[in-house]
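Structure, as structure tokens:
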Protein chains: 2
Amino acid sequence: MDTTQLLKGVLDLACLAALRDEDGYGYDILRRLRTAGLTEVGDASVYGTLRRLFNAGLLTTYVVPSDEGPHRKYYALNPAGRAELQRSGKTWHGFASTMDDLLRERETA
Amino acid sequence: MDTTQLLKGVLDLACLAALRDEDGYGYDILRRLRTAGLTEVGDASVYGTLRRLFNAGLLTTYVVPSDEGPHRKYYALNPAGRAELQRSGKTWHGFASTMDDLLRERETA
DNA sequence: CACACTACTTCGCGATACGAAGTAGTGTCA
DNA sequence: TGACACTACTTCGTATCGCGAAGTAGTGTG
């Protein structure tokens, strides 16, 4: 189900969104998400999600050696990833506004 | 973690919200949620969630026999439930706006 | 040389939403 | 009378997912 994915799989969306404007590697995306406000995201969750998105054919990947530490596995959105980002972004907004309706005082009803 | 609960357990919030203005029994709450827009919620999920909320001490319950079918197990918010509704409602809004920020075009950055 | 930070992987756990199936009461329609 | 549909709830097994813990490995600092 789509809704099922949404009820939990918000991290997918978040990772896709974090990659929209710029390629990034796992550790960096982790920082982006935490900076953005998802302060409690675990590192393993992000790495796992990125791998899942890659396996789903939504991301491309390439390894870049780094002078200041271990190599970095970069991820980038491919067309399918962008499509998915847009699609599930819409789903999210729909879901969020449904929840807002539910939470809004129903005095007017 | 709180965030963990949020990432998936939105159904809890939805059920609490559905009970805010009026007591309800499972099947009815299922309809409320579906009417509200959560069209794909499974019945077992709702029943399970209500039982979980009850076990967590957030709901009271009472059985009412019905003339037009099987008995109905009503649930009602108790003070703890109302507190939780408000608390996790806030958490939800915070989370939702974080997601909106992430999804919003970051051109201004 | 110990430690901290970066960067990623693997493993196992717990929570949970779901589908399927079952039980049971009422009403309808032939 | 019997088949069926709708209401109302329960139980069971499954899949997914986010997470913590642990491990590997490279770099820089005290």
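Protein chains get the first letters and strands the later ones, always in sequence-line order, with residue 1 at the start of each. This one's a predicted model, so the numbers in the text were calculated from it and none came from an experiment.
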Straight-line distance of D12(B) CG to L58(B) CG, nearest 0.5 Å: 8.5 Å
Closest to side chain of S45(A), choosing from dA20(C), dG18(D), dA25(D): dG18(D)
Between P of dA17(C) and CG of L13(B), the distance in whole Å: 11 Å
Under-4.0 Å side-chain N/O to phosphate OP1/OP2 contact, T49(B) with dA17(C): yes
Distance, rounded to the nearest Å, where L11(B) contributes CG and dT16(C) contributes P: 10 Å
Carboxylate-amine/guanidinium proximity below 4.0 Å for R104(A) and D100(A): no
N/O donor-acceptor pair under 3.5 Å between N78(B) side chain and G57(B) backbone: yes
Below 4.0 Å: OP1/OP2 of dT16(C) and any side-chain N or O of R52(B): yes
Closest nucleotide among dC8(C), dG25(C), dA7(C) to the D43(A) side chain: dC8(C)
D67(A) CG to dT27(D) P, straight-line distance once rounded to whole Å: 9 Å
N or O in side chain of R51(B) less than 4.0 angstrom from dT10(D) OP1/OP2: yes
D28(B) CG to dT7(D) P, straight-line distance once rounded to whole Å: 11 Å
Candidate nucleotides dC19(D), dC9(D), dA7(C), ranked by approach to the side chain of Y27(B) - the nearest: dC9(D)
Most 5' of G69(A) and V46(A) on DNA chain D, judged by nearest nucleotide: V46(A)
Atom pair distance, as rounded to whole Å: CG in L38(B) and C1' in dA17(C): 13 Å
Rounded interatomic separation in angstrom, taking CZ from R34(A) and P from dG18(D): 14 Å
Spacing between E68(A) atom CD and dG26(D) atom C1', to the nearest angstrom: 12 Å
Residue-phosphate contact under 4.0 Å: R31(A) side-chain N/O, dT6(C) OP1/OP2: yes
Y47(B) vs dC9(D): side-chain N/O to OP1/OP2 distance below 4.0 Å: yes
Side-chain donor or acceptor of R72(A) paired with backbone N/O of Y62(A) under 3.5 Å: no
T39(B) side chain vs T35(B) backbone, donor-acceptor pair below 3.5 Å: no
Between C1' of dG18(D) and CG of L50(A), the distance in whole Å: 14 Å
Touch class at under 4.0 angstrom, heavy-atom based, for S66(B) against every strand present: nothing
